[in-house]
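Just so you know, these numbers come straight off a predicted model, no measurement behind them.
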Amino acid sequence: MANNRRRSNEQPPTRLLHTQSIGGSSSIEPMMDSEVVPSSLVQIAPILRVANEVEPTNSRVAYLCRFYAFEKAHNLDPKSSGRGVRQFKTALLQRLQREEKTTLEGRPQSDAREMQSYYQHYFMKYIQAMKAEKADRTRLTKAYQTAAVLFEVLKAVNFTESVEVADEILEAHTKIVEKTEMYVPYNILPLDPDSSNQAIMRYPEIQASVTALRSTRGLPWPKGYKKKVNEDILDWLQAMFGFQKDNVSNQREHLILLLANVHIRQFPNPDQHTKLDDCALTEVMKKLFKNYKKWCKYLGRKSSLWLPNVQQEVQQRKLLYMGLYLLIWGEAANLRFMPECLCYIYHHMAFEVYAILAGSVSPLNGENIKPAYGGEKEAFLKKVVTPIYDTIAQEARKCKRGKTKHSQWRNYDDLNEYFWSVDCFRLGWPMRDKSDFFCRLDDDEKKPDTSDHWMGKINFVEIDSFWHIFRSFDRMWSFFILSLQAMIIIAWNGSGELNSIFDGVVFKKVLSIFITAAILKLAHAVIDVFIMWNARFYMSFHVKLRYILKALTAGAWVVILPITYSYSWKNPSGFEETIKNWFGNGESSPSMFIIAVVIYLFPNILSGILFLLPFIRRNLEKSDYKIVRFVMWWSQLSLYVGRGMHEDHVSLIKYTIFWVLLIASKLAFSYYLEIKPLVGPTKAIMRLHIRRYEWHEFFPQANSNIGVVITLWAPIILVYFMDTQIWYAIFSTIFGGIYGAFRRLGEIRTLRMLRSRFRSMPVAFNECLIPKENSQMIEHRLTVTPSHRMTKEPTNKEETIRFAHMWNKIITSFREEDLISNREMDLLLMPCWADFDLNLIRWPPFLLASKLPIALDMAKDSNGNDRLLQKRLNADNYMLCAVQECYVSTQNILNFLVEGEIDKAIMKEIFEKVDHHIKEGDLLSVLDMSYLPSLTNHFIRLIEYLKENEATDKDEIVIVLLNMLEVVNIDILDEPLSSMVESSHKYFADLNFPVTRETKAWKEKIRRLHLLLTEKESAMDVPSNLEARRRISFFSNSLFMDMPKAPEVRNMISFSVLTPYYNEDVLFSMDALEKPNEDGVSILFYLQKIFPDEWNNFLERVEYSNEEEMKGDLDSEELLRLWASYRGQTLTKTVRGMMYYRQALELQAFIDMANDDELMKGYNPAESNTEEYLRNERSTLAQCRAVADMKFTYVISSQQYGIHKRSGDARAHDILRLMTTYPSLRVAYIDEVEETSIDELENVVTKVSYYSVLVKAVPKSADASNQFQSLDQVIYRIKLPGAAILGEGKPENQNHAIIFTRGEGLQTIDMNQDNYMEEAFKMRNLLQEFLIKHGVRTPTILGLREHIFTGSVSSLAWFMSNQETSFVTIGQRLLANPLKVRFHYGHPDVFERLFHLTRGGISKASKIINLSEDIFAGFNSTLRGGNVTHHEYIQVGKGRDVGLNQISLFEAKIAQGNGEQTMSRDIYRLGHRFDFFRMLSCYFTTIGFYFNTLLTVLIVYVFLYGRLYLVLSGT
């Protein structure tokens, strides 16, 4: 079982439950010693952690902790029978022997006194002090856990030395025990009483949900149950049904957050509604139970969701039902792939809840109804989940890693579809162990002969056969075959023109296509029987009857149509004559054939009418009335899925037009350029009589050269069936391009385009990304059109400042990613701090660079022509802005700097004169501007002094100011200043310099003014990095595209990101970076060459000149490893990108909360990280983080993290570093724990238990021995029924971790993906798409655009990048609209989480058949009434294979996956449940592409061998 733990395309590793010995693991850092513990001794890991923590302050206490851990390990496994236990004990004992003497030296007291003293010291220094300081909740929890371990060691030491524990220590320990039980590790919500003042717990929506959940009034608790304070509805369900404690804790938080996030959207002012809203409850319940209610209705059973008549109890009952379902789902393990199996379990358990609350009495024993499986510990896991899991596991073992035929074992779908029939209730409750569902068929057993027999395949059998292609898409093949026959008949008879079909004889011959249609129907019926033969013992009677009647009916039409057709001719010949001779030469009757054809076509005519009325077809297919099912029975089998998938009229018209045009083009091309040109030569060849063959073995009896005819026609026939794929490629390109143009894609592609529209960006940004005050949640598109946003300019500073906050965050992220240099960052940043004296909008310097020096030259050379200068300034808007900002900033700086009364008067007079001349329009004609360059040089020197802000420069500043005054007064002004007094006055003696309070606004003003004055080169190439240009252009362009309005962060749809991880690179090591390959090139050298500008930017950021200077310094090497890892396909790169979501949400939450004054002061208050600020739960930072916690969760499903950790693998350490860097990051892994025991015969019995575990990082202790030390903390630990990996590795890995995700949306992100800060800002908009109907349904999967970032690595990578880009842009946009057949092609799609968690999850996991696991999520979503859309205003980065071998393996995997799709039930059902044109879209965009590729290769062989035949068969 464990050897199947792998991703779908990887070989399984050997099981690694043991650990490396500590003594032999010199490369492992000391911080990891406590983690390198055998799985059977996992209980001692907390003790070793405490030993590492206290070692810097008291090495003897650390020694005693390790000694106690050794004793405990010996008690746990006295015979050292567990894997790695003997090595671990030996290494630990060796360490204890080394430390015993060193720790004894200088010891002033006994070990018992030492422990008591240290315990008291720890209690005073940490517990009491942290409580007094209101320390972080996580650190306080860790302190209590450490104190509990210390007391455990203290007790053991005191017992050894026969010393009593002091009373004050016992008193302290009592408090610690109480708090330790209360302060359990939490994920997002600290639900203990002492945490009510936490920022996230202060929100009314959270409080309302918690209060509603704790309403347990009227619930009958089990006898003898000790109820605790604040127990809630989920605790009652645990007590009644035996759910696991951590499962209850996990789903409690899940349900609270779910309800709170839906509740907040119901009210604009949530503070006024402290009670949980019934509408929010109903909305969640509707989504959660939609599939269950549909299942009950389909099977004709009443739902178990009975609500009481008393209105006050309704809310409690709804919460009970929702909590019960989530608890079942959270503990179901692999059963989550079987949604209707969960419905069956829930149906019975929900009825038990209703019966218990209603006080119902059992008719069997006359007692009150109780849960069938009781409420003992882990009762649900052991008695409900495990029996079904064992059945799944045994079926999976029969697969033999894909070597067994699919028809000989049941996969997840087969087991789940058992519950699509009323017969599933024969399973009973409690479930019967000998039911046919649990019975297994042995390999040598053909057919069981007991009443309870193995339930094999029921609804579908996967057979390795190409006939699946015809069976699934028979309508398409019939259409093409009949069209080919009709075109050959028309071309062969008469003139060969299309209008010859109106000739009576030709038309009558064309009618023979109905005979061919009947033969194809018979072939389809026979194939159906052949493929489903293995299910003949297990399928229901009405299904067998339908297959038999279909075959008999098709056979009857194969007889009737040829007979009636032969009698429609007066003088038949050939085939018609033969048929007529068989049945007698009666009178001809054309009407009989017409009547037969009409009767034969009647089902097709009815289907065509319903095609034009899709709403009627939808309702008929979804109807559960028996009469409707009986009527629809002949056209399609009644299945639980695939009903009512038809789209609205608009969508139907769009994709119908697409395919009508395509088919018309294809048939016209085929007729005029393929078929018709061959008719003449064929007739000529057939007329030639061949008397003697030189080589005649093929057709020795032929009178004409039939071999040549076949040689001519065979390639053409194959091309005819293949070239639709080519026509699809042509039409998809044309339509996709037109669609993209209408969506305004690519309107901003260059920096020049960006500059021309930058003035409109703040308005577009505010329209798209800033919610309006008091605006309600919308369910429609923006009323402001993109064209309006394209032309409108900002009207107030608030709009611009909001834009500036996010723009600067984007630019800062560019700098952190080393895409731009420091100079480029300065040029791109936009001021967002308040400066009320500058009443103008200040644009980024890259727009204004070189504008001011040019304007100064223009003023100098203007010869007093004010009108010409004004005209030239007005022609360049950015130049005008630069001049205005420079003038206003100069005035502001000088007024701030000068403090003397006379000096102020001089300044005032100068600026008043200038303002007067500007107003009069005679500035150049009155003032002498030829001295402007001299004044500018002096002013630049002044600005440089102000930048340095050194007190020693004050005298120099006075000289500069005097020089400036002299130039202005003598050279520039037309008359001397009247405010200047006699020469004895000492000017500028009183200056406000140095500036004592340099605010960000002041520094920004000085820096910008210096840039504007000194930047003489144009910044047209800023940013110079191509990736930065692409990203900034795409973001700017997207602001002018159509997207939903962004709500406030608090009102947005919450979401999670889930990344499955196996054993790929987390962070490149220095050895891996510097190790040369076979060509002598290291990874680091290669990265430096393909990213030269980013390497130089990195060196500038870390302030080194080359890499050699960085070696030897751990901090610098860490930065170097990060730089390289961010340019590879590593987990570190993916995590950094996904955590941009959180940074974006925190900034957006600040913008939502801040008033105008706070916005003008800037975002800097929320960037404070001081301890005092963090402890203030009412601070802006705390509130922003709390809102982000409610809305976003990131979980990495690191399947082997536990094994890596115990073996000291560097990947575990790197993942722990990631959790430390990003505190909100969570890691889920499968923990395999060996549990050893001794049986009655004193034999050691080893059993492996499996757990789904969620961990987070805990902050390091102040006394930690290593400054980087950090440890993980288990939040939830949920036991599994067995090994989690039974099928394909990746979906199973996702499935075990999905229970730890939160929210209403779930984005699936793979290990080779990246994200960008600017795109993270648009996530709110994207999630709003879930509220907008696209056709007749709201979306269930939101598709995103992807950018392939590996294109620059090699020429092959460039090719793969272009290939992938064409698919993820033009291809997918066309699949979503108008074709309506976009599925899930991997990542980074966003799933409607509640929809999919109740319908089998986000992928399928059956071995081999679900090799391409992702696309089956799209199939499943579509078949179950979902809707998959595609949105191109947001993008995510994606890496692709870059080597030839990697690309070849990837393409082989995709092709093999399509081969498995061909024989899957999903493709068959889609092919039959879609209407004709949507079915064509499905075929040519899935398996059709690969089948036509095969045909292309086959055509070449047929053509070449045909030419060989012509050469060898000459006369």
Do the non-hydrogen side-chain atoms of [X] and [Y] ever get within less than 4.5 Å of each other?
| X | Y | value |
| --- | --- | --- |
| I810 | F1035 | yes |
| L754 | M761 | yes |
| I1298 | H1396 | no |
| I1032 | W807 | yes |
| T800 | R842 | no |
| R1142 | E1146 | yes |

How close do [X] and [Y] get, heavy atom to heavy atom, and via which atoms?
| X | Y | value |
| --- | --- | --- |
| K1322 | L769 | CG-CD2, 3.9 Å |
| D1189 | S1224 | OD1-CB, 4.5 Å |
| N1315 | V1436 | OD1-CG2, 4.1 Å |
| N1325 | K1045 | ND2-C, 4.0 Å |
| K1256 | Y186 | NZ-O, 2.7 Å |
| L258 | L1394 | CD2-CD2, 3.9 Å |

Distance flag, aromatic centroids of H1430 and H1334, threshold under 6.0 Å: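 No; H1430 has its ring centre 6.0 Å or more from that of H1334.
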Before we go on, tell me: are the rings of Y1316 and Y1140 under 6.0 Å apart, centre to centre?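 Ring centroids of Y1316 and Y1140 are no less than 6.0 Å from each other.
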Check: [Y] main-chain N/O paired with [X] side-chain donor or acceptor under 3.5 Å:
| X | Y | answer |
| --- | --- | --- |
| N291 | T1398 | yes |
| R1399 | F1395 | yes |
| N766 | F803 | no |
| T1340 | N1427 | yes |
| D1152 | E1048 | no |
| N261 | M1190 | yes |
| Q207 | M201 | yes |

Would I1332 and T1338 count as a side chain to side chain contact (heavy atoms under 4.5 Å, CB included) if you check the C-alpha gap in whole Å, the side-chain angles of each, and the deciding distance to 0.1 Å? CA-CA 6 Å; I1332 301 170; T1338 54; over 6 Å; no
Under the criterion salt bridge (Lys or Arg N to Asp or Glu O under 4.0 Å), I'd like the reasoning laid out for E1432 against R1345: C-alpha separation, chi angles, the key distance, then a yes or no. CA-CA 5 Å; E1432 295 194 85; R1345 179 190 178 109; 3.3 Å; yes
Atom [atom1] of [X] and atom [atom2] of [Y]: how far apart are they, to the nearest 0.5 Å?
| X | Y | atom1 | atom2 | value |
| --- | --- | --- | --- | --- |
| I1434 | S1038 | CD1 | OG | 8.5 Å |
| M1043 | Q1328 | CE | CD | 12.5 Å |
| R252 | L257 | CZ | CG | 12.5 Å |
| S813 | R1136 | OG | CZ | 8.5 Å |
| R1226 | I1275 | CZ | CD1 | 4.5 Å |
| S209 | L276 | OG | CG | 5.0 Å |

With side-chain hydrogen bond (donor to acceptor under 3.5 Å, both in side chains) as the criterion, how do Q251 and H254 come out once you've worked through the C-alpha distance, each side chain's angles and the decisive distance to 0.1 Å? CA-CA 5 Å; Q251 297 307 325; H254 181 195; 2.9 Å; yes
Angle between ring planes, F289 versus Y325, binned at 30° and 60°: parallel, tilted or perpendicular?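 Taking Y325 first and then F289, their aromatic rings stand perpendicular (interplane angle over 60°).
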Residue among M825, M1317, M806, E816 satisfying side-chain contact (heavy atoms from CB on, under 4.5 Å) with I811: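 Only match with I811 under side-chain contact (heavy atoms from CB on, under 4.5 Å): M825.
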Step by step, work out the salt bridge (Lys or Arg N to Asp or Glu O under 4.0 Å) result for E205 and R1050. CA-CA 10 Å; E205 58 268 32; R1050 195 173 169 189; 2.9 Å; yes
Taking it one step at a time, do Y1194 and Y1222 satisfy ring-ring contact (aromatic ring centres under 6.0 Å, His included)? CA-CA 10 Å; Y1194 185 24; Y1222 306 102; 8.7 Å; no
Apply side-chain hydrogen bond (donor to acceptor under 3.5 Å, both in side chains) to residues R1393 and T1301 and explain how you reach the verdict. CA-CA 9 Å; R1393 185 167 165 275; T1301 59; 2.9 Å; yes
Pair N250, L326 - check side chain to side chain contact (heavy atoms under 4.5 Å, CB included), show working. CA-CA 10 Å; N250 181 35; L326 290 176; over 6 Å; no
For L259 and L255, what are the C-alpha separation, side-chain angles and deciding distance, and is it a side chain to side chain contact (heavy atoms under 4.5 Å, CB included)? CA-CA 6 Å; L259 293 171; L255 185 56; 3.9 Å; yes
Answer yes or no on whether R1324 is positioned over the face of F1321, meaning its NZ or CZ is under 6.0 Å from the six-membered ring centre and within 45° of the axis.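 No; the conditions do not both hold, so R1324 does not lie above the ring face of F1321.
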I would like to know whether E1304 and R265 meet salt bridge (Lys or Arg N to Asp or Glu O under 4.0 Å); could you show each step before the answer? CA-CA 13 Å; E1304 300 153 83; R265 293 204 300 271; 2.7 Å; yes
Let's go through R1302 and I188 carefully: what are the C-alpha distance in whole Å and the side-chain angles of both, what is the deciding distance for side chain to side chain contact (heavy atoms under 4.5 Å, CB included) to 0.1 Å, and is it a yes or a no? CA-CA 10 Å; R1302 301 289 185 260; I188 298 171; 4.1 Å; yes
